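Okay, so here's the structure we're looking at.
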Amino acid sequence: MGFNEGVWELAKRIPKGRVTTYKILAGKLRTKAYRAVGNALNRNPHGFLCSGKVPCHRVVKSTGEVGGFAHRTKKKIKMLKKEGIKIRKNKIEDFENVLFRF
DNA sequence: TCGAATGACAGCG
DNA sequence: CGCTGTCATTCGA
């Protein structure tokens, strides 16, 4: 399992209605390159976006903000809302409540 | 509040 | 082939 694959494996474990953070993923991957996690999801080999297999839209910042998702992939945020995650101004309201810890 | 660090990939010489 | 810049972040001063 490489770096990227590890990210996807963990991301796939995220249940519906839950989110996780880049920090947690990076921690599980034994790396400190938090950005690399997002980058791995960004350059997802599954396709252009992590659609279907890897729910990258469930991966957010450790601060509770959705991060870069708000800019380009903000539509995915709507998906999160639909799944039951409340987001206000690109920030997750019940962040700790929906935060999925492995 | 701002800069450095960290992993991977594309572009350029 | 090797180096630099960029990116969906995080931490420390």
Side-chain angles (χ1 to χ4, degrees):
Chain A
M1 177 190 290
F3 181 81
N4 286 7
E5 298 191 354
V7 176
W8 310 321
E9 288 298 312
L10 291 172
K12 280 191 282 191
R13 290 191 198 178
I14 305 173
K16 177 189 167 188
R18 293 286 124 103
V19 295
T20 192
T21 70
Y22 298 108
K23 184 182 180 185
I24 295 176
L25 288 176
K28 291 296 162 197
L29 295 171
R30 298 304 221 171
T31 184
K32 301 170 212 99
Y34 316 104
R35 284 163 60 178
V37 177
N39 203 356
L41 293 169
N42 176 24
R43 300 256 164 109
N44 183 316
H46 292 305
F48 273 83
L49 284 178
C50 2
S51 28
K53 309 230 170 191
V54 185
C56 337
H57 55 277
R58 289 183 193 150
V59 185
V60 296
K61 287 186 163 191
S62 63
T63 57
E65 304 177 41
V66 283
F69 263 96
H71 194 50
R72 222 169 158 79
T73 334
K74 78 177 170 192
K75 276 188 179 168
K76 304 240 167 179
I77 295 179
K78 229 173 181 179
M79 268 171 69
L80 290 174
K81 285 184 176 179
K82 214 172 179 185
E83 291 185 3
I85 301 173
K86 295 160 188 130
I87 300 177
R88 175 78 173 184
K89 274 287 187 182
N90 295 346
K91 296 185 189 78
I92 301 177
E93 301 240 328
D94 295 323
F95 175 59
E96 301 200 4
N97 193 37
V98 297
L99 178 61
F100 177 68
R101 300 180 188 179
F102 297 93

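In what follows, chains carry the letters A, B, and so on, assigned in the order in which the sequence lines appear, proteins first and then strands, with residues in each chain numbered from 1. In what follows, every heavy atom counts, from backbone to side chain, and hydrogens, waters and symmetry copies are set aside. Note that the structure is a prediction, hence the values are computed from the model and not measured.
- One atom, CG of A:N90, and another, P of C:dA8, lie 14 Å apart when rounded to the nearest Å.
- Under 4.0 angstrom from either OP1 or OP2 of C:dT10 there lies at least one side-chain N or O belonging to A:S62.
- Comparing B:dA4 with C:dT4, their P atoms sit 16 Å apart, to the nearest whole Å.
- A donor-acceptor pair is defined here as one N or O able to donate and one able to accept, closer than 3.5 Å; such a pair exists between the side chain of A:R58 and the backbone of A:I14.
- Between the C1' atom of C:dA8 and the CD1 atom of A:I24 lies a distance of 16 Å, rounded to the nearest Å.
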Given side chain to side chain contact (heavy atoms under 4.5 Å, CB included), test A:L41 with A:V54 step by step and report yes or no. CA-CA 8 Å; A:L41 293 169; A:V54 185; 3.7 Å; yes

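- Between the P atom of B:dA8 and the CH2 atom of A:W8 lies a distance of 11 Å, rounded to the nearest Å.
- Between A:L99 and A:I24, some side-chain heavy-atom pair lies under the 4.5 Å cut-off.
- Of the candidate nucleotides C:dC11, B:dT6, B:dA8, B:dA8 has the atom lying nearest to any side-chain atom of A:N39.
- A:R35 places its CZ atom 10 Å from the C1' atom of B:dG7, with the value rounded to the nearest Å.
- For A:K23, a side-chain nitrogen or oxygen approaches OP1 or OP2 of C:dC11 to under 4.0 Å.
- When both pairing distances are held under 3.5 Å, C:dA8 makes no Watson-Crick or G-U pair with any nucleotide shown.
- Considering only the side chain of A:Y22, C:dT10 comes nearest among B:dT6, C:dT10, C:dC7.
- Residue contacts for A:F3: at a heavy-atom cut-off of 4.0 Å it reaches the sugar-phosphate backbone alone, with no base atom in range.
- Note: CG (A:L25) to C1' (B:dA8) measures 16 Å, nearest angstrom.
- Distance, A:E5 CD to B:dC9 P: 11 Å, rounded to whole Å.
- With rounding to whole Å, A:L29 atom CG is found 11 Å from B:dG7 atom C1'.
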Should A:N90 and A:E65 be marked as a side chain to side chain contact (heavy atoms under 4.5 Å, CB included) after you check the CA-CA gap, both sets of side-chain angles, and the distance that decides it? CA-CA 6 Å; A:N90 295 346; A:E65 304 177 41; 5.7 Å; no

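- Whole-Å rounding puts the A:N4 CG to C:dC7 C1' distance at 13 Å.
- The shortest side-chain heavy-atom distance between A:F95 and A:T21 falls under the 4.5 Å cut-off.
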